[in-house]
Every structure is written in structure tokens, then in C-alpha cells.
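FYI, the numbering just counts along the sequence from 1. Just so we're clear, the structure is a prediction, and the values are computed from it rather than from any experiment.
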Amino acid sequence: MEPIRILNLFTIMNRGGAETMVMNYYRHIDRTKVQFDFMVHRREKGAYDDEILALGGKIYHMPEIRPWTSFNYRKQVSKFYRDHPEYRIIHSHMSELGYYDFIEAKTANVPVRICHAHNSPHGFDIKSPVRWYYKTMMKPYITHRFMCGEESGEWLFGKQYKDSFIQLNNAIDAEAYAYAPNIREQVRESLGISTQLVVGHVGRFNYQKNHPFIIDVFSELLKKNGDAVLLLVGNDSGDDGAAIHDKVKTLGIEKQVQFLGTRTDVADVMQAMDVFLFPSFFEGLSLASIEAQASGLPLLISDRIPIECKKTDLVHVYPLSMPASQWADEIIKLSKTERRNTTEEIRQSGYDIQSNAKVLQDFYLKAWEAAN
């Protein structure tokens with residue numbers, strides 16, 4: 001019997017939080033029963049594309065979604081769903097940008113149309129009116145509302161739908177992140193680090209992650225500990241990354257900051273860190289924060305991040321309104337934390353991938369059976 005095929009919708013399959021989470025699930029589901037395919041909205045190759053193809057998935061490329069190209073986009077999407085009646089379940093990870101797909105999928109009689117909330121932006125910016133419009137207009141076309149945490153669900157769907165939210169945990173392979181002193185020493189040696197205090201961050205370079213403040217905090221830390229090192233893991237291409245490179249050069253701290261780019265060995269790099277710094281302006285329920293806890297790292301996070309991410313006593317919340325110098329003081333305090341193996345704590349919190357993959361697999365199989 002052929003596996004059922006689930007169509008996942010993304011912008012591009014690079015190493016972002018939602019993309020990494022879905023790949024964690026993809027690796028651990030029974031692919032003889034459930035297979036993942038992907039509709040992406042960039043022409044260029046994504047970081048996970050080769051692995052997706054190796055696991056038996058298909059990748060379909062669509063044009064970027066822009067308000068001024070919506071008519072042509074809808075025509076292409078409409079044709080796609082007519083040409084691919086095998087997809088009875090679509091699972092969109094594109095927040096409100098899944099709007100057009102939900103309309104066309106419903107028109108093509110795709111019975112299960114999942115929208116997944118991965119984030120909870122705060123404040124108002126130039127995109128806010130468009131986001132509000134799409135969020136409002138897509139509601140009649142969604143059949144299931146997934147969320148990583150309550151705050152993200154309420155932001156995307158509205159509190160009035162709270163009873164229908166389905167939580168899918170940002171689960172990880174906890175054992176793969178377990179603190180390992182030998183790996184720590186190997187990675188630190190490869191990065192030219194011996195006994196220095198190492199501050200780390202994992203996240204793509206964009207507004208949400210607040211990299212300028214990370215640099216400010218680290219600059220203040222160097223005034224108190226001139227031998228500290230900052231490891232920045234994440235895609236630093238584009239204007240946001242260039243601005244951070246320029247800021248580091250302007251401050252004259254290039255020798256203390258290592259831009260590690262996109263990595264396939266995040267679990268190992270986290271071993272080399274002493275404190276995980278995470279001052280985001282907003283998050284859904286950060287995958288990186290779960291990974292850091294699984295590696296036994298103390299975390300210093302902003303008060304803008306949902307407290308739901310606290311799965312161990314390693315998470316310490318600090319107000320984003322406090323000056324960078326005081327954040328630096330907190331880092332010094334946390335650097336004295338003794339590392340430990342937290343694998344069982346992560347499992348007990350419900351964030352290990354093994355059990356969560358079975359939950360998602362069962363959901364898909366039941367939804368497929370009901371739809372057919």
C-alpha cells in the first residue's frame with residue numbers, strides 16, 4: 001500500500017525554525033505510511049532540498065507571493081490543485097500568506113486544509129494591514145488550526161477560535177543535543193577557543209531576532225571580560241546580516257565574534273557555548289530555545305518570548321527594556337551554571353520527537369480516512 005502524501009507549504013526549505021521542526025518530524029514519521037511533499041515559493045534551491053528528495057519527498061516550485069501578483073499566482077495554484085488530486089491534506093506553514101492556497105484548495109475540493117501558527121509578531125509595521133487582511137479573509141477556508149503555542153495561535157487565528165487550536169510541539173531529538181564534554185572540547189578546539197567565556201545565538205539574521213542588541217550586549221560584556229567570544233549561527237546573507245557585520249567592525253570586535261553561517265551541526269556547536277543569548281522581539285515557541293535547553297545551556301531570553309518555552313530551570317527571562325550592560329552582568333552570572341544532561345527533562349516536558357511524530361502521524365492518517 002502506498003503512503004498517503006501530505007503537501008507542506010513553505011517559502012523555501014532553508015534552516016529556519018519552522019523548517020527545521022518539520023524536518024525533525026519528517027525524519028521520524030513512518031514514511032511507509034505518511035510521506036511529505038513540499039510546495040515552496042522560491043526558485044532557488046533550499047538547504048533541505050537534497051534531504052527531502054533522499055527521503056522520498058517531492059518539491060514543487062511556485063512564484064513568490066506578492067499582493068500585486070496575486071491574480072497570476074492564484075491561476076497557477078488553481079491549476080496545481082486540479083492537476084494533483086492526490087493531495088487530500090495540505091499543511092501550510094506560511095502563516096497568513098497561505099490565504100490564496102486555502103481558497104484554491106477548497107475550490108479544488110481538498111478536504112483538509114491546515115494552517116499552522118509558528119510566530120506571534122508584536123507591534124505595528126508597514127506589513128501589518130496586509131497581514132490583518134489575509135488573516136481575516138482566510139478564516140472560512142481553514143479546516144484545522146495548528147499552533148506551536150497559545151500566543152502564536154491567538155495572534156494568527158484570534159482568541160475566539162481557541163477551543164479549536166491543535167498544539168503541535170516544536171519537538172527535537174533530545175538525545176542528539178545531550179551535553180557531551182568530549183564534543184564540547186572538540187568543537188571549541190576547532191573554533192580556536194580554549195577557556196574563554198562563550199556566548200552563543202542561533203537564528204537567521206532578521207529584525208525578529210534582534211541581532212543589533214546581541215552585539216550591544218556582547219560589546220558591554222567585553223568591557224567586563226575582554227576574553228569572551230560570541231558565536232552567531234544562522235544565515236547572515238542579505239542586508240540584515242551585512243548591517244551586523246558592519247556594526248561588529250565599527251566596534252572593533254571582529255576577533256571576538258565568529259559568524260558561523262548556516263550549520264548542519266547546531267547540536268555540536270551548542271556544546272561549545274556557555275550561555276545562550278536570545279533577546280528576540282517576538283517568537284512563537286522557539287525551536288532554538290528547546291534545543292539549547294536540551295544541550296544543558298543556561299538561557300538568557302527577553303520578556304517578549306512566550307514563557308511556554310521554559311521547559312527546564314535553565315531559562316532566565318530578562319526585560320528587553322533593561323540596558324545592554326545589565327544584560328552583560330546577567331550573562332556573567334549564568335556562565336557559572338553547571339552543565340548537565342537534560343534529555344529526560346525534555347522528554348518529560350513533551351518535546352522529544354519520538355512521541356510527537358507518532359501523534360502527528362496518527363492525526364494525518366485519521367484525517368485522511370475521514371476525508372475519503
Given Ile6 and Ile114, is the side chain to side chain contact (heavy atoms under 4.5 Å, CB included) satisfied, shown in steps? CA-CA 11 Å; Ile6 310 300; Ile114 303 166; over 6 Å; no

Of all the heavy-atom pairs spanning Gln293 and Leu314, show the shortest one and how long it is. O-CD1, 3.8 Å

Does a side-chain heavy-atom distance below 4.5 Å link Val22 with His93? yes

Examine Arg145 relative to Tyr161 and say whether NZ or CZ is less than 6.0 Å from the centre of the six-membered ring and inside a 45° cone about the ring axis. yes

State the CG-CE distance between Asn24 and Met21, to the nearest 0.5 angstrom. 8.0 Å

Donor-acceptor pair between Gln208 and Asn119 side chains, under 3.5 angstrom: yes

Under 4.5 Å between any side-chain heavy atoms of His41 and Met39, yes or no? yes

Less than 4.5 Å apart, any side-chain heavy atom of Arg339 and any of Ser295? yes

With a 6.0 Å cut-off on the ring centroids, do His201 and His211 count as close? yes

Please say which of Lys58, Arg31, Arg5 ends up in a salt bridge (Lys or Arg N to Asp or Glu O under 4.0 Å) with Asp37. Arg5

Validation row, ring centre Tyr60 to ring centre Phe38 under 6.0 Å: no

Is the shortest side-chain heavy-atom distance between Met270 and Val187 below 4.5 Å? no

Under a plain distance cut-off of 3.5 Å, with no hydrogens placed, do Tyr26 and Gln35 share a side-chain donor-acceptor pair? yes

Is the distance between the ring centroids of Phe102 and Tyr100 under 6.0 Å? no

Validation row, ring centre Phe165 to ring centre Phe157 under 6.0 Å: yes

Counting only heavy atoms from other residues, nucleotides and ligands, does the tally under 6.0 Å from CD of Glu175 exceed 12? no

Result of checking Phe278, Phe213, Trp327 against Tyr318 for ring pair (Phe, Tyr, Trp, His ring centres under 6.0 Å): Trp327

Can you tell if the side chain of His116 reaches within under 4.5 Å of the side chain of Ser92, non-hydrogen atoms only? no

Does CG belonging to Asp246 count more than 12 external heavy atoms closer than 6.0 Å? yes

Is any side-chain heavy atom of Ile215 less than 4.5 Å from a side-chain heavy atom of Leu230? yes

If I compare all heavy atoms of Leu287 with all of Ala171, which pair ends up nearest, and what's the gap? CD1-O, 4.1 Å

Please confirm whether Arg15 makes a cation-pi placement over Tyr48, using NZ or CZ under 6.0 Å from the six-membered ring centre and within 45° of the ring normal. yes

Assess the pair Phe146 and His91: is the distance between their ring centroids shorter than 6.0 Å? yes

With a 4.5 Å heavy-atom cut-off, do Val229 and Gln256 have their side chains touching? no

For the atom pair CZ (Arg188) and OG (Ser194), what is the distance rounded to the nearest 0.5 Å? 7.5 Å

Does Phe259 have its ring centroid less than 6.0 Å away from the ring centroid of His245? yes

Using the ring centroid of each side chain, check whether Tyr25 and Phe36 are separated by less than 6.0 Å. no

Hey, are the side chains of Met138 and Leu156 touching, using non-hydrogen atoms and a 4.5 Å cut-off? yes

To the closest 0.5 Å, what do you measure between CD (Glu308) and CE (Met147)? 7.0 Å

Under the 6.0 Å and 45° cation-pi test, does Lys135 pair with Trp155? yes

Could you tell me whether Lys311 and Glu345 make a salt bridge, using a distance below 4.0 angstrom between a side-chain N and a carboxylate O? no

How far does CE of Met137 sit from OH of Tyr99, to the nearest 0.5 angstrom? 4.5 Å

Between CZ of Arg82 and CG of Asn109, what distance do you get to the nearest 0.5 Å? 12.5 Å

So how far is it from Ile290 CD1 to Thr342 OG1, rounded to the nearest 0.5 Å? 10.0 Å

Which pair of non-hydrogen atoms, one from Asn356 and one from Gly350, has the smallest distance, and what is that distance? ND2-O, 2.8 Å

Are Asp101 and Tyr81 close enough that a side-chain donor and a side-chain acceptor fall under 3.5 Å? yes

Judged by modelled atom types alone, do Glu330 and Gln326 share a side-chain donor-acceptor pair under 3.5 Å? no

